[in-house]
Amino acid sequence: MSMEVDKYIASGILELYVAGALTPEQNLEVQHYALQYPEIQKEIEAIELAILKLAASVSPKMAEDGFEQIRAELDDVIQFTPSESKRKAPWGNYLGWAASVVLAIGLFWLYTENRALKSEIEITSQEKLKLEETLVSTRDAIVRKEALLEQLRDQQVTVIALGGQAVSPSSFAKAYWNKEENKVIIDAQGLPEPPAGFTYQVWSLKLDPLTPTSIGLLDDFSIESDRLFVLENANDSEAFGITLEPEGGSASPTLEQLYTLGAVGR
């Protein structure tokens, strides 16, 4: 029932109730629900308090005899019938009622506009927060790329081209090996997206005899748009190869899934 109460509160009927714009039957319904559900009663009180605050802030100050002056002017201008009647029409009551209705409608409009403005401010704040997060993420990506470019341009870096193999002849990659820092940057832009449940694994190879050593996985392949991966490599590598392996990697390379291979110094 909590959700129904929330929907009832959000429907706007309580604002109309406070403004006096409902039918007697609808008033009884609201009063019945207010007695039954404390949340509704609290919302009514909150609306009334908001209207009182708005009224206090926007209502002009009138002299104590201001209303009597207005009524006297109306009596002088408006001719009442029948002329022989000494009884005057209760214009004060009518004017007070009309002013109450106009004030209630005006305050209701101000209240709803205030709520709408608060909602717009909240939405704008959320959009601003998302924009700030995007800017931070973009800045971090730029810093990362600049750092990678500095490493690629280092004079100590050896560049090894990795050509496509039988399983995927069109594939290619590059390994940027900095022996001094024991790091390899793999540029995997030329590799296809790995199928679900699989990942690429990079191997450092000794050629005689053929001895593969895993130096890492190219995880988050679809997330890294630049396809640049930094791996540790303290091995005396003679070649590098990349195979497609099940997620988590393998203890030894699956040669049938060797996508690229390249020898150092060739």
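As the structure is a prediction and not an experimental result, all values here were calculated from the model.
Distance check: L205 CG to T211 OG1 gives 8.5 Å after rounding to the nearest 0.5 Å. To the nearest 0.5 Å, the span separating CD1 on I242 from CZ on F229 amounts to 9.5 Å. In this structure, CG on L244 lies 6.0 Å from CZ on F198, to the nearest 0.5 angstrom. One finds the CD atom of Q31 at 12.0 Å from the CD1 atom of I40 (value rounded to the nearest 0.5 Å). Interatomic distance, OG1 of T199 versus CG of D219, reported as 4.5 Å (0.5 Å rounding). Atoms OG and CG, from S11 and D6 in turn, are 11.0 Å apart once rounded to the nearest 0.5 Å.
Nearest heavy-atom pair across S250 and P246 is OG-CD, 3.7 Å. Contact between E232 and E181 at its shortest, heavy atoms only, is OE1-O, 4.5 Å. Contact record, P212 with W203: CB-CE3, 4.0 Å, taken as the closest heavy-atom pair.
Not counting sequence neighbours, the partners of Q36 by the side-chain hydrogen bond (donor to acceptor under 3.5 Å, both in side chains) test are H32. Judged as a side-chain contact (heavy atoms from CB on, under 4.5 Å), and not counting sequence neighbours, F172 has no contacts. By the side-chain contact (heavy atoms from CB on, under 4.5 Å) test, E180 pairs with Q156, N178, sequence neighbours left out. N182 is linked by a side-chain hydrogen bond (donor to acceptor under 3.5 Å, both in side chains) to nothing, counting only residues two or more places apart in sequence or in another chain. Remark: Q41 pairs with A34, E45 by the side-chain contact (heavy atoms from CB on, under 4.5 Å) rule, at least two apart or across chains. Looking at residues two or more places apart in sequence or on another chain, you find a side-chain hydrogen bond (donor to acceptor under 3.5 Å, both in side chains) between S168 and S171. Judged as a side-chain contact (heavy atoms from CB on, under 4.5 Å), and not counting sequence neighbours, E247 has no contacts.
Hydrophobic clustering, with ILVMFWY side chains joined whenever heavy atoms are under 4.5 angstrom apart, keeps W177 apart from L217. Connection of V159 to L228 is established within a shared hydrophobic cluster, with ILVMFWY side chains joined at heavy-atom distances below 4.5 Å, either directly or through further cluster members.
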All N/O donor-acceptor pairs, side-chain side in residues 254-261, below 3.5 Å, sequence neighbours left out:
| unit_1 | atom_1 | unit_2 | atom_2 | d |
| --- | --- | --- | --- | --- |
| T254 | OG1 | E245 | OE1 | 2.7 |
| T254 | OG1 | E245 | OE2 | 3.4 |

Without placing hydrogens or testing angles, list every side-chain donor-acceptor pair under 3.5 Å for residues 186-197, not counting sequence neighbours.
| unit_1 | atom_1 | unit_2 | atom_2 | d |
| --- | --- | --- | --- | --- |
| D187 | OD1 | Q189 | N | 3.2 |
| Q189 | NE2 | D226 | O | 3.3 |
| E193 | OE1 | R227 | NH2 | 3.3 |

When the side chains of residues 233-240 are checked against the rest of the protein, which donor-acceptor pairs come out under 3.5 Å, sequence neighbours left out?
| unit_1 | atom_1 | unit_2 | atom_2 | d |
| --- | --- | --- | --- | --- |
| N233 | OD1 | N235 | N | 3.3 |
| N233 | OD1 | N235 | ND2 | 2.8 |
| N233 | ND2 | S237 | OG | 3.1 |
| S237 | OG | S204 | OG | 2.5 |
| E238 | OE1 | L207 | N | 2.9 |
| E238 | OE2 | K206 | NZ | 3.3 |

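Using a 3.5 Å distance cut-off with no hydrogens or angles, the side chains of Y37 and E4 do not pair a donor with an acceptor.
Counting only heavy atoms from C-beta outward, the side chains of I13 and E29 approach each other to under 4.5 Å. With contacts defined as side-chain heavy-atom distances shorter than 4.5 Å, the pair Y33/L14 does not qualify.
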